[in-house]
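Protein chains get the first letters and strands the later ones, always in sequence-line order, with residue 1 at the start of each. Everything numeric here is computed off the predicted structure, so don't read it as measured data.
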Amino acid sequence: MPGAGREELERIRIETTNWDATEYRDAGCGQLTGDWADRTVRLAGWVHRRRDLGGVLFVHLRDRSGLVQLSFGPDWTTAPAAEIAASLSPEDVIQVEGRVVQRPESAINPEMKTGEIEVLVSDIEVLSGSDPLPILVAVPPEEDLPSEELRLRHRVLDLRRPEMLRNFEIRHRATRAARAALSDMGFIEVETPFLTRRTPEGARDYLVPSRLHPGEFYALPQSPQLYKQLLMTAGFDRYFQIARCLRDEDLRADRQPEFTQIDVEMAFVGEEDVYAACERMLQRVFAEALSEDIATPFSRLTWSEALESYGTDKPDLRIPWKLVDFSAALTGIGFGIFDAALEAGGRVRGFVAPGGAVLSRSALDKLDEIARAAGARGVLWTKRTADGYSGPVAKVLGGSAGEALARQFELAEGDLVLLVAGLDRETSPPLDAVRRAVATELDAVGATSAWLWVTEFPLFDADPETGRPTPSHHPFTMPRETSPERLREEPLAVESRAYDLVLDGTELASGSIRCHDAEMQRAILEVLGMSELEIESRFGFLLEAFRYGVPPHGGFALGMDRLAAMMVGAESIREVIAFPKTTAARGLMEGAPSAVDAAELADLGLRPA
RNA sequence: GGGGCUGUAGCUCAGUCUGGUUAGAGUGCCGGUCUGUCACACCGGAGGUCGCGGGUUCGAGUCCCGUCAGCCCCGCCA
């Protein structure tokens, strides 16, 4: 995962713009340097920690810019001020006046950015006191954070922690850089409606009852997809929006009901133009938010290459190993499972984990569980040892088959081969899961982040239950090299001009060249099972717009929350969302959702449940 | 909709497997000592509906059933 280590974040902090003096203060706490020595300053902020040594008393004063030490002593602090200082509680908001001085040599704190100076406080005022805290803001190092439930319930206190404020500073820098990069490339930011028309495909919509039209509902947007295509038709040429999107689906560590996308669309472009624009934007985002250079152009893999070599459409290329086909080498040598798989139209696929023989039996059992959880019967393995092979497959590798295997796949002593047999669509997910698990276990995940465009997705997938075509990306994607007639005849064979951007195994963005041909668009919607009437009522406004001259266009939407989470090194996007929902989609702090009284419902034409 | 983990002092946890005296620790909080600390140190004190409800038992934090909440995963997320 890319992302800034602690030291790096400190460096980023130093580059933060200095704050102008205000009615209450002359600078931010963390912005005081040796240059301020001997100056009298006013500061304001929160009491982070207090250390009362009897005769002298220290306070770490905190604001978003950082910490600075205040020093109270009989020689420079008035008696009433000293009395106030002695009674301060953590998180009291105070304002002080004092003189900035170089600390005595022995008292310099090299761990602290402002550790060379301190403020000898002459006067203090408590602007707002704090009750005892339900959760600590100044969490001692090595102490666990409070449970996420309490962090969310007391989010205001949780957000005060410097780590959290830093997350949001980095997120802000990333957003700002994206805006600047896109603006410089000629994109203009346009807002699209929040109260939209319901389109029943895809995710569940959040619905808003219409008071003026009882029984009718607006839908909150799942994405600005159709609006941005209409903007292209309207000649906006290059559009972007830092867009909030809403989907009423179950939550995950990387999924919230409302989330933010950098939504981009361009006219008169092909894939290469979109890739270039996106890469330029991300380059600037990483440069300006993390001072990190990312190399462009990003790698490319077609969707089918990705599945063949990695078993997934979002491979983590930090792991060097590729999946290979062992069918020829391992069938017909007396191992029933392999022969049966081949006979059923499947293959024996797997990968070589160099040095993997060090894995213990229990580690291999764990891999077997991972493979089962991903839908396989299990994972088979063999270790290349000094005298041949060991493991469940070893018994058929004693003779020439084993030698041929070693030669063909360049197996060295100490290597581990992991194998799953069956139909590709069944073996791909477990192979992907096992590949990632083994790499983590063996510490074989590279340190350099891996950007990847996955291209040429199929236009449709077959619904596993009904076998009917469903959109692989979305129904407004341009097919590759086909006609409306062929599309209707053999929809599942058609490739699309859709693409995904993958970073270290996480899907960060996806997009496509759009269908700008009304006839082709109708054919796609028909293949999805819509009648002429349905197409007209749901998408008539789009098709009508396409009748008056529509430029070829395409774009992408990039998940801003996931990007920000990866940039700050967080496991969950909740760490980069100020007020996120729980996995049950509740706001613990404000208490959302909440009941509404019957009169209010009646006004909206609704009855209580 | 399904599976898993967690719930004990304000907070983080131990104790639950193997039921038994007054449920412990660290931290925070309150009081005290201390002039160079920076997770200050030291002394003293207060603080508990063991998530909630029911059951088994002479006896339940501990065993059983249900339920609520938080988190992780599958389904779902064009």
Side-chain angles (χ1 to χ4, degrees), chain A residues 48-61 67-77 82 87 89-91 103-112 114-115 118 120 130-154 157-158 199-205 222-223 225-226 245-257 259 369-370 372-375 429 433 457 459-461 463-465 469-477 496 498 507 510 512 524-525 528 557 559 571-572 574 581-586 588:
Chain A
H48 191 66
R49 279 204 185 86
R50 192 179 54 126
R51 292 175 296 280
D52 189 345
L53 273 60
V56 64
L57 183 152
F58 301 102
V59 167
H60 274 173
L61 188 67
L67 292 166
V68 67
Q69 175 162 284
L70 308 179
S71 170
F72 298 80
D75 297 340
W76 59 87
T77 308
S87 66
S89 299
E91 300 308 309
R103 292 196 196 182
E105 190 69 36
S106 63
I108 287 175
N109 182 351
E111 305 283 301
M112 202 174 174
T114 60
E118 62 185 338
L120 302 183
S130 169
D131 283 351
L133 299 167
I135 61 172
L136 297 186
V137 174
V139 181
E142 311 197 7
E143 181 131 324
D144 287 344
L145 292 180
S147 70
E148 192 160 4
E149 184 175 357
L150 285 160
R151 289 180 55 206
L152 292 175
R153 203 175 291 283
H154 306 287
L157 294 175
D158 186 49
T199 54
E201 282 68 42
R204 224 169 273 124
D205 288 316
Q222 296 179 26
S223 93
Q225 181 61 37
L226 294 180
C245 306
L246 298 104
R247 293 178 190 174
D248 187 5
E249 295 291 347
D250 287 357
L251 283 66
R252 290 281 192 286
D254 61 352
R255 270 164 31 192
Q256 283 275 306
F259 58 98
E369 263 172 56
I370 288 167
R372 284 166 195 275
F457 277 74
L459 188 61
F460 301 107
D461 299 320
D463 183 300
E465 276 166 32
T470 58
S472 164
H473 176 53
H474 62 50
F476 313 106
T477 303
S496 78
E507 180 193 322
S510 67
S512 60
I524 291 170
L525 296 171
L528 293 172
E571 294 292 325
S572 160
R574 292 186 297 270
K581 301 288 188 283
T582 67
T583 50
R586 285 192 179 279
L588 289 185

Complement of [N], any strand, by Watson-Crick or G-U distances under 3.5 angstrom:
| N | result |
| --- | --- |
| U27(B) | G10(B) |
| C71(B) | G4(B) |
| U35(B) | none |
| A60(B) | none |
| G66(B) | C52(B) |
| U22(B) | none |

Listed partners of [X] passing side-chain hydrogen bond (donor to acceptor under 3.5 Å, both in side chains), at least two apart:
| X | value |
| --- | --- |
| Asp158(A) | Arg151(A), Arg155(A), Arg161(A) |
| Glu149(A) | Arg153(A) |
| Glu148(A) | Arg574(A) |

In whole angstrom, what separates [X]'s [atom1] from [N]'s [atom2]?
| X | N | atom1 | atom2 | value |
| --- | --- | --- | --- | --- |
| Leu53(A) | C34(B) | CG | P | 11 Å |
| Gln256(A) | G70(B) | CD | P | 12 Å |
| Arg49(A) | C38(B) | CZ | P | 11 Å |
| Gln69(A) | U37(B) | CD | P | 10 Å |
| Glu111(A) | C38(B) | CD | P | 12 Å |
| Asp52(A) | U35(B) | CG | P | 10 Å |
| Arg103(A) | U35(B) | CZ | C1' | 15 Å |
| Asp131(A) | C30(B) | CG | P | 11 Å |

### Summary
Rounded to the nearest 0.5 Å, the CZ atom of Phe259(A) sits from the CD atom of Gln222(A) at a distance of 8.0 Å

#### Entry: Distance-minimising heavy-atom pair for Trp76(A) and Leu120(A)
CD1-CB, 3.5 Å

### Task
Indicate the atoms forming the closest heavy-atom contact of Leu157(A) with Val137(A), along with that distance.
O-CG2, 3.7 Å

### Message
So, using ring pair (Phe, Tyr, Trp, His ring centres under 6.0 Å) as the criterion, who are the partners of His474(A) when residues are at least two apart?
### Response
Phe476(A)

### Task
Determine, step by step, whether Leu67(A) and Arg49(A) satisfy the side-chain contact (heavy atoms from CB on, under 4.5 Å) criterion, reporting the C-alpha distance in whole Å, the side-chain angles of both residues, the deciding distance to 0.1 Å, and the verdict.
CA-CA 10 Å; Leu67(A) 292 166; Arg49(A) 279 204 185 86; over 6 Å; no

### Query
With sugar-phosphate meaning primed atoms plus P, OP1 and OP2, does Ala253(A) contact a base, only sugar-phosphate, or nothing at under 4.0 Å between heavy atoms?
sugar-phosphate

### Task
Using a 4.0 Å heavy-atom cut-off across all strands, classify Ser223(A) as base, sugar-phosphate, or nothing.
base

### Side chain proximity check, Pro471(A) to Leu528(A), heavy atoms < 4.5 angstrom
yes

### Query
Does Phe58(A) reach the side chain of Ser71(A), with side-chain heavy atoms less than 4.5 Å apart?
yes

Does OP1 or OP2 of [N] have a side-chain N or O of [X] closer than 4.0 Å?
| X | N | answer |
| --- | --- | --- |
| Thr583(A) | G70(B) | no |
| Arg574(A) | C72(B) | yes |
| Arg51(A) | C40(B) | yes |

### Message
Keeping Thr114(A) on the side-chain end and Gln69(A) on the backbone end, is there a donor-acceptor pair under 3.5 Å?
### Response
no

### Message
At under 4.0 Å between heavy atoms, how does the protein contact nucleotides 6-12 of chain B? Give one character per nucleotide, 5' to 3', with B, S or -.
### Response
----SSS

### Query
Between Glu142(A) and Ala585(A), which is nearer to the 5' end of RNA chain B once each is assigned its nearest nucleotide?
Glu142(A)

### Task
Name the residue closer to the 5' end of RNA chain B, choosing between Pro104(A) and Glu149(A) according to the nucleotide with the nearest heavy atom.
Pro104(A)

Tabulate atom names and distances for all N/O pairs under 3.5 angstrom spanning the protein and nucleotides 74-77 of chain B.
from: C74(B); atom 1: OP2; to: Arg252(A); atom 2: NE; distance (Å): 3.1
from: G75(B); atom 1: N7; to: Arg252(A); atom 2: NH2; distance (Å): 2.8
from: G75(B); atom 1: O6; to: Arg252(A); atom 2: NH1; distance (Å): 3.0
from: G75(B); atom 1: O6; to: Arg252(A); atom 2: NH2; distance (Å): 3.3
from: G75(B); atom 1: N1; to: Asp250(A); atom 2: OD2; distance (Å): 2.8
from: G75(B); atom 1: N2; to: Asp250(A); atom 2: OD2; distance (Å): 3.4
from: C76(B); atom 1: O2'; to: Glu249(A); atom 2: OE1; distance (Å): 2.7
from: C76(B); atom 1: O2; to: Arg255(A); atom 2: NH2; distance (Å): 3.1
from: C76(B); atom 1: N3; to: Arg255(A); atom 2: NH1; distance (Å): 3.2
from: C76(B); atom 1: N3; to: Arg255(A); atom 2: NH2; distance (Å): 2.8
from: C76(B); atom 1: N4; to: Arg252(A); atom 2: NH2; distance (Å): 3.4
from: C76(B); atom 1: N4; to: Arg255(A); atom 2: NH1; distance (Å): 3.2
from: C77(B); atom 1: O2; to: Arg255(A); atom 2: NE; distance (Å): 3.3
from: C77(B); atom 1: O2; to: Arg255(A); atom 2: NH1; distance (Å): 3.0
from: C77(B); atom 1: N3; to: Arg255(A); atom 2: NH1; distance (Å): 3.1

